[in-house]
Amino acid sequence: MVKPLKKAVMPVAGLGTRFLPATKAIAKEMLPVVDRPLIQYAVDEARAAGIEQFCFITGRGKTAIVEHFDVAYELEKTLEERGKTDILEELRALAMPPGSIVTVRQQVPMGLGHAIWCARSFIGDDPFAILLPDDLMLCDTPCMAQLAQAYAETGGNVVAIEEVPRERVNKYGVIAPGATKGNLVEVTGLVEKPPVEKAPSNLTVIGRYVLMPEVIGHLAKMEKGAGGEVQLTDGMAKLIGHQPFHGLRYEGRRFDCGDKVGFLEAQIAFALKRPELAPQVRGFLDRYR
Ligand code: G1P
């Protein structure tokens with residue numbers, strides 16, 4: 001029996017420079033896809049995988065992210081009085097159980113590995129999930145639930161992976177693959193943003209992880225990697241050979257909402273999944289052919 005997966009860490013301290021000026025005064029994680037902010041998709045996905053405790057790694061200007069999960073008493077009362085029950089139900093489903101969200105601050109952007117290390121007290125001795133809200137997932141079984149299932153079977157570390165065209169591997173963490181069993185690939189090496197010609201494969205890590213707490217000890221050394229930042233990938237690489245480590249070829253699609261085109265495509269894909277919007281959206285798309 002593996003230790004149950006109940007904790008998730010969500011790094012949300014990034015500056016969102018690729019979306020300026022939209023992100024000058026609001027957090028990029030609050031940008032909506034259709035009608036809900038990116039952070040909500042990530043939290044809903046984690047909850048669907050049985051996760052109950054959340055740690056947001058935040059920074060300056062990110063208050064709205066936490067408030068989004070508060071009970072908005074006045075708003076709810078007004079909606080109730082006006083008989084707007086549908087949206088009221090949705091808002092109520094959003095409120096998190098008391099004490100289930102904590103925040104820690106990452107004062108200086110020193111890399112994803114450093115951000116995760118900032119959550120060390122929250123993580124303690126437990127396995128934990130990481131969800132990067134920029135990676136928006138469209139999957140029949142939520143991506144984190146697929147990872148949690150794989151973790152329950154294999155134990156140890158499991159990261160979601162996908163194949164990308166060779167020339168794009170330098171944008172991601174890349175795995176060196178070992179034995180494959182179904183959708184699970186043994187990870188024998190990990191490199192952050194390698195030059196295309198040095199990449200061990202074209203299997204890249206996306207923003208969904210289940211990790212063992214021992215990764216924190218490696219991150220604590222604050223060794224700088226790709227881009228002069230403390231990289232999560234380098235910390236994870238140190239676990240290989242000491243603990244099980246697998247990549248899961250998840251089923252579904254990922255939209256890179258840290259990128260303008262990815263974000264626009266996500267709007268369309270998620271709108272087309274909504275029966276009340278799909279016919280109209282299809283209709284207007286025809287006009288842009
Ligand atoms: C981060 C990770 C990288 C991973 C990617 C997935 O990179 O460092 O290993 O492949 O997320 O989205 P970033 O996108 O923050 O540069």
Side-chain angles (χ1 to χ4, degrees), residues 8-19 23 27-29 31 33 38-39 41-42 45 57-59 106 108-119 129-139 143-144 147 157-177 185 187 189-196 198-211 215 218-219 222-240 245-250 252-263 265-266:
V9 176
M10 301 202 186
V12 293
L15 296 175
T17 46
R18 281 191 284 176
F19 277 93
T23 48
K28 66 172 172 168
E29 296 77 12
L31 295 178
V33 170
L38 286 171
I39 188 68
Y41 288 98
E45 184 188 326
I57 323 289
T58 71
Q106 185 193 27
V108 188
M110 287 175 60
L112 181 58
H114 177 264
I116 300 302
W117 173 81
C118 289
I130 302 174
L131 296 95
L132 308 184
D134 275 2
D135 281 349
L136 181 58
M137 309 304 294
L138 190 56
C139 305
C143 186
M144 188 42 80
L147 278 191
N157 307 275
V158 191
V159 295
I161 55 168
E162 69 181 16
E163 236 170 90
V164 301
R166 190 93 204 170
E167 64 275 13
R168 292 181 52 82
V169 290
N170 57 359
K171 296 185 167 27
Y172 299 99
V174 181
I175 73 160
V185 183
V187 175
L190 273 164
V191 204
E192 180 68 12
K193 302 192 174 82
V196 172
K198 289 205 177 139
S201 75
N202 64 341
L203 289 172
T204 57
V205 177
I206 63 143
R208 298 292 181 275
Y209 312 73
V210 175
L211 297 181
V215 74
H218 297 297
L219 296 174
M222 295 296 147
E223 285 163 6
K224 292 194 176 136
E229 297 190 336
V230 180
Q231 295 292 351
L232 176 62
T233 302
D234 297 340
M236 296 193 301
K238 303 253 172 63
L239 301 173
I240 298 169
F245 209 125
H246 292 91
L248 174 73
R249 288 175 186 261
Y250 72 94
R253 281 200 66 188
R254 159 183 174 266
F255 296 89
D256 178 4
C257 289
D259 170 79
K260 287 177 189 132
V261 175
F263 182 66
E265 193 183 350

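For ligands, and for the atoms within them, numbers begin at 1 and follow the listed sequence.
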L132: numbered ligand 1 atoms lying under 4.0 Å from its heavy atoms: 11 (O)
Numbered atoms and elements of ligand 1 in range of G173, under 4.0 angstrom, heavy atoms: 3 (C), 4 (C), 9 (O), 10 (O)
Per-residue contact class, E162 against ligand 1 - non-hydrogen pairs under 4.0 Å: neither
Heavy atom of K171, distance to ligand 1 below 4.0 Å: no
Basic-acidic side-chain contact under 4.0 Å: E223, K238: yes
Residue portion contacting ligand 1 (non-hydrogen atoms closer than 4.0 Å) for T204: neither
Residue, atom name and distance, where the atom is the protein heavy atom closest to atom 2 (C) of ligand 1: E192 OE2, 3.7 Å
4.0 Å protein heavy-atom contact status of atom 15 (O) of ligand 1, strictly under: no
Ring pair (Phe, Tyr, Trp, His ring centres under 6.0 Å) partners for Y172, two or more places apart: none
Subset of ligand 1 atoms that lie under 4.0 Å from at least one heavy atom of R254: 12 (O)
From N202 atom CG to E167 atom CD, the distance as rounded to the nearest 0.5 Å: 9.5 Å
Interatomic distance, M137 atom CE to I206 atom CD1 [nearest 0.5 angstrom]: 3.5 Å
Those residues that, when tested against Y250, pass side-chain hydrogen bond (donor to acceptor under 3.5 Å, both in side chains) (two or more places apart): E162
Contact with ligand 1 for V205, non-hydrogen, under 4.0 angstrom: yes
Any protein heavy atom < 4.0 Å from atom 9 (O) of ligand 1: yes
Rounded distance [0.5 Å steps], CD1 in I116 versus OH in Y209: 8.0 Å
Single hit among L248, V205, I130 for side chain to side chain contact (heavy atoms under 4.5 Å, CB included) with V159: V205
Spacing of L38 atom CG and L131 atom CG [to the nearest 0.5 Å]: 12.5 Å
Nearest protein heavy atom with distance in Å, relative to atom 7 (O) of ligand 1: K193 NZ, 3.4 Å
